[in-house]
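Here's the structure, in structure tokens; my notes come after.
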Amino acid sequence: MPYIENAQAGSLIHELAGVIIENKAWLSEIDGKIGDGDHGINMAKGFGRAAERIGPDATLTEAMQTLSDVLMSEIGGSMGPLYGMMFADMAETLGQRTQIDAEAFGAMLRAGLEGVLDIGAAKPGDKTLLDALVPAVTQFDATFAATGDFAAALAAMRDAAQDGRDSTQDMIAKVGRSARLGERSRGVLDAGASSCALILTSFADGITKRLQSA
Amino acid sequence: MQRFLNDPDDVVDETVAGFVRAHSDMVRLSAENPRVVLSNWAGTSGRVGVGTGGGSGHEPAFIGYAGRNMLDAVAVGELFSSPTAKTFHDAIRGADGGAGVAVLYGNYAGDNMNVKMALKMAAKEDIAVKTVVANDDVCSAPPEERDKRRGVAGEIFMWKTGCAKAALGGDLDEVIAAAQKAIDNCRSVGVGLAPCTLPSVGHPNFQIAPGMMEVGIGHHGEPGVRVEALADANAVAEDMVRIVLDDHNLPEGSEVAVLVSGLGATPVNELYVLYDRMAQAIEARGLKIWKPYVGSYFTSLDMIGATLTVMALDDELKTLLAHEAACPAM
């Protein structure tokens, strides 16, 4: 079964931080249409600070734990606890595993989703990051169950996350500050779903690149 | 932007630094967390501690309500952004004097999540913590969805009464009950005339066209119920009183406390212009104003606009509101 080594896979988080920082202005612009306009600023600050503290040899487990700590103790807002819980629960599930195969990655994804559902009050369709995360997790599991192919499952996850992000365009916000906009929140992407799609895309690309065969 | 700034990223730290320097007779910075402001009377043994927290940009809220017989600890967030769970947790620890801590905060998604996590952290240390979530903003959700309403300037009355109850020796449940009663008895409305700008963003994140007003606007520019031509002050004052009292439904003869706050960039004199007509309109509905407050008590950066809060009083709330207290904001 294909897998990646957990050792040194902390570099996935370095790459992810790079993607978030590259998209800082775009995320803020999306957020500015129906929110504060600071989503990109806060995300870049949190992921950037975490990357500075993750050593080159860190495992993915250690790197996600560091990222979670920074988000929860230094970023705050709504994204701090939501992504903070997601990465904390992902790191906990991965634990001391030395190899990450599709089964381990699937368990990690599901734990991350559970973490977000546990701390937040949203459900799918509310125009939040869940609209990218939920279909991505579902498609990863379904594709792997059907094909047994880790790379195909990762591709399905990435596509579902991006489609999910795009689906928020037509949704009306039900939770958070933009919920007050009602109909006026329709027609723009959700900033949280957009950053979540970036995260899952970065994971899919980075893991696919590193896949080894056992 | 015509603003007094250094690096916009430092604006919250610099605000807090100046605040504790200016008011060192009443407040100090936590030694453990530079985003926690403590009252100099925080941690008084045997007394229930009272804490809160929220995003910055609402000064003098939230930090300005720390003091003697007022808040013990305030968690400070970035501009319009919830403090972290760790900061709420450190505020709870700083407020604790062994008799438990009441966390009295506003109903916002980020604050709800961060407080929820802070409560889990506090539970591991055996600190008894209970919460009251303010939801006085009438236009933020219909009456049947009151649990979705946001907390605005009514939080000041919630803090004042909860803190007074603690000062008078109330136990944690009694402090929570008093604060809950205060916020249940509060209704607020805001009217915005021009938007506000986060310094790090550099441009307003919503628009109010010149000559227009947003009736029912939230504390961060959340849209209200109506966008319409800016009316004269008397008409705006009467509209605000009508929105608040129609939702409140108080029996004739009720005594009320009234708080009119500017949103940051409205001249204080205009608040008195509004209050003059608001008071007449409130009294015309058969209510008695027991205690008014007019000033910049709870702002939204440089937003032009004002809020009105009306709290229905009973004997207990009057006693608690009148109880001697001192803090930088009031």
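Naming convention: chains lettered A, B, ... in sequence-line order (proteins, then strands); numbering from 1 in each chain.
Looking at every heavy atom in both residues, B/Arg150 comes nearest to A/Ala179 through NH2-CB, 4.4 Å. When all heavy atoms of B/Pro223 and A/Arg184 are compared, the closest pair comes out as CB-NH2, 3.2 Å. Looking at every heavy atom in both residues, A/Gly77 comes nearest to B/Ser81 through CA-OG, 3.3 Å. In plain terms, the two heavy atoms of B/Lys120 and A/Asp118 that are nearest each other are NZ-OD2, 3.6 Å.
When the candidates B/Val201, B/Thr87, B/Asn33 are compared by the number of heavy-atom contacts under 4.5 Å with chain A, B/Val201 comes out ahead. Residue with the most contacts toward chain A among B/Gly224, B/Ser140, B/Gly77: B/Ser140 (heavy-atom pairs, distance under 4.5 Å). Options B/Glu78, B/Lys116, B/Lys148, B/His203 differ in how many heavy-atom pairs under 4.5 Å they form with chain A, and the most are formed by B/Lys116.
Results of the side-chain contact (heavy atoms from CB on, under 4.5 Å) test with A/Pro81 over B/Asn112, B/Thr84, B/Asn114, B/Val115 single out B/Asn114 as the only residue that passes.
Within the 4.5 angstrom heavy-atom criterion, no atom of A/Ser28 approaches chain B. Of the two parts of A/Lys33, neither the backbone nor the side chain holds a non-hydrogen atom closer than 4.5 Å to a non-hydrogen atom of chain B. Contact annotation for B/Arg35: neither backbone nor side-chain heavy atoms come within less than 4.5 Å of a heavy atom of chain A. Neither the backbone nor the side chain of B/Asn107 comes within less than 4.5 Å of any heavy atom in chain A. Interface residue A/Leu181: backbone and side-chain heavy atoms are both found under 4.5 Å from chain B.
To the nearest 0.5 Å, atoms CG (A/Asp38) and CG (B/Leu79) are separated by 8.5 Å.
Shown here is B/Glu144, whose CD atom has more than 12 heavy atoms of other residues, nucleotides or ligands within 6.0 Å. Residue-environment remark: CD (A/Glu92) stays at or below the threshold of 12 foreign heavy atoms within 6.0 Å.
Here the side chains of B/Met117 and A/Met85 are in contact, with some heavy-atom distance below 4.5 Å.
In this structure, A/Phe144 has no ring-ring contact (aromatic ring centres under 6.0 Å, His included) partners at least two apart in sequence or on a different chain. A/Lys123 is linked by a side-chain hydrogen bond (donor to acceptor under 3.5 Å, both in side chains) to nothing, counting only residues two or more places apart in sequence or in another chain.
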